[in-house]
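Contents: one structure, followed by commentary.
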Amino acid sequence: MAFILVASAYSPAGHIKAVVRHPMVLGVAVWALAHLLVNGTDADLVLFGGFLAWALVDYASALRRTATDVVQAAAVKSLRGDMIAVVIGLVLSAAFLFGLHDWLIGVPLLG
């Protein structure tokens, strides 16, 4: 889910971007929450808790502002942008699941 949200921030305007309005920040919040749920050390709490707190404050602040690019993206939404975001998000999720996380971070997801 986090990868799809982040990918939709950079894909052409679609329904995901129009509904969520700030998919990158919400993707970071989902990523941080997922890591908090599976990791329990104090260092994890500081790192991922900090990212989660920042993302929630930023998302709430961004929703109170009116941005012209968000309004324009909502007006020109297409299914193409959503399909690109979903495909890229699923490919990245599979890559991280099957070895990229272990290679980059040093912690396997499946083991």
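Note that this is a predicted model, so its numbers are computed, not measured.
Screening Leu52, Ile4, Leu5 for a side chain to side chain contact (heavy atoms under 4.5 Å, CB included) with Val30, the sole residue that qualifies is Leu5.
For Leu56 against Ala29, the heavy-atom pair with the smallest separation is CD2-CB, 4.5 Å. Minimum interatomic distance between Ser61 and Arg65 (heavy atoms only, all atoms of both residues): OG-NH1, 3.2 Å. Among all heavy-atom pairs drawn from Val107 and His101, the shortest one is O-ND1, 2.7 Å.
Taking the ring-ring contact (aromatic ring centres under 6.0 Å, His included) definition, one finds that Phe3 meets it with Phe96, sequence neighbours left out. Evaluation of the side-chain contact (heavy atoms from CB on, under 4.5 Å) rule for Ile88 yields Ala7, Ile84, Leu92 as partners, not counting sequence neighbours. The ring-ring contact (aromatic ring centres under 6.0 Å, His included) search around His35 returns Trp31, Phe48, not counting sequence neighbours. Contacts of Ser93 classified as side-chain hydrogen bond (donor to acceptor under 3.5 Å, both in side chains), with partners at least two apart in sequence or in another chain: none. In this structure Ala9 satisfies the side-chain contact (heavy atoms from CB on, under 4.5 Å) test together with Pro23, Met24, sequence neighbours excluded. Residues that satisfy the side-chain contact (heavy atoms from CB on, under 4.5 Å) test with Leu45, not counting sequence neighbours, are Leu36.
Leu63 and Val57 fall into different hydrophobic clusters, where Ile, Leu, Val, Met, Phe, Trp and Tyr are joined by side-chain heavy atoms under 4.5 Å apart, directly or via other members.
Residues near Val38 contribute nothing to a hydrophobic cluster around it, because no ILVMFWY side-chain heavy atom sits closer than 4.5 Å to its side chain. Through side-chain heavy atoms spaced under 4.5 Å, either directly or across other Ile, Leu, Val, Met, Phe, Trp or Tyr residues, Val19 is tied to no other residue. Hydrophobic side-chain contacts under 4.5 Å tie Met83 into a cluster, directly or through other members, with Leu79.
Residues in residues 43-59 take part in these side chain to side chain donor-acceptor pair (under 3.5 Å) pairs, two or more places apart or across chains: Thr41-Asp44.
The CG atom of Leu26 lies 10.5 Å from the CG atom of Leu33; values are rounded to the nearest 0.5 Å. Here the CD1-CG distance, from Ile16 to Asp82, works out to 4.5 Å after rounding to the nearest 0.5 Å.
Although no hydrogens or angles enter the test, the distance criterion places a donor-acceptor pair under 3.5 Å between the side chain of Ser11 and the main chain of Gly81.
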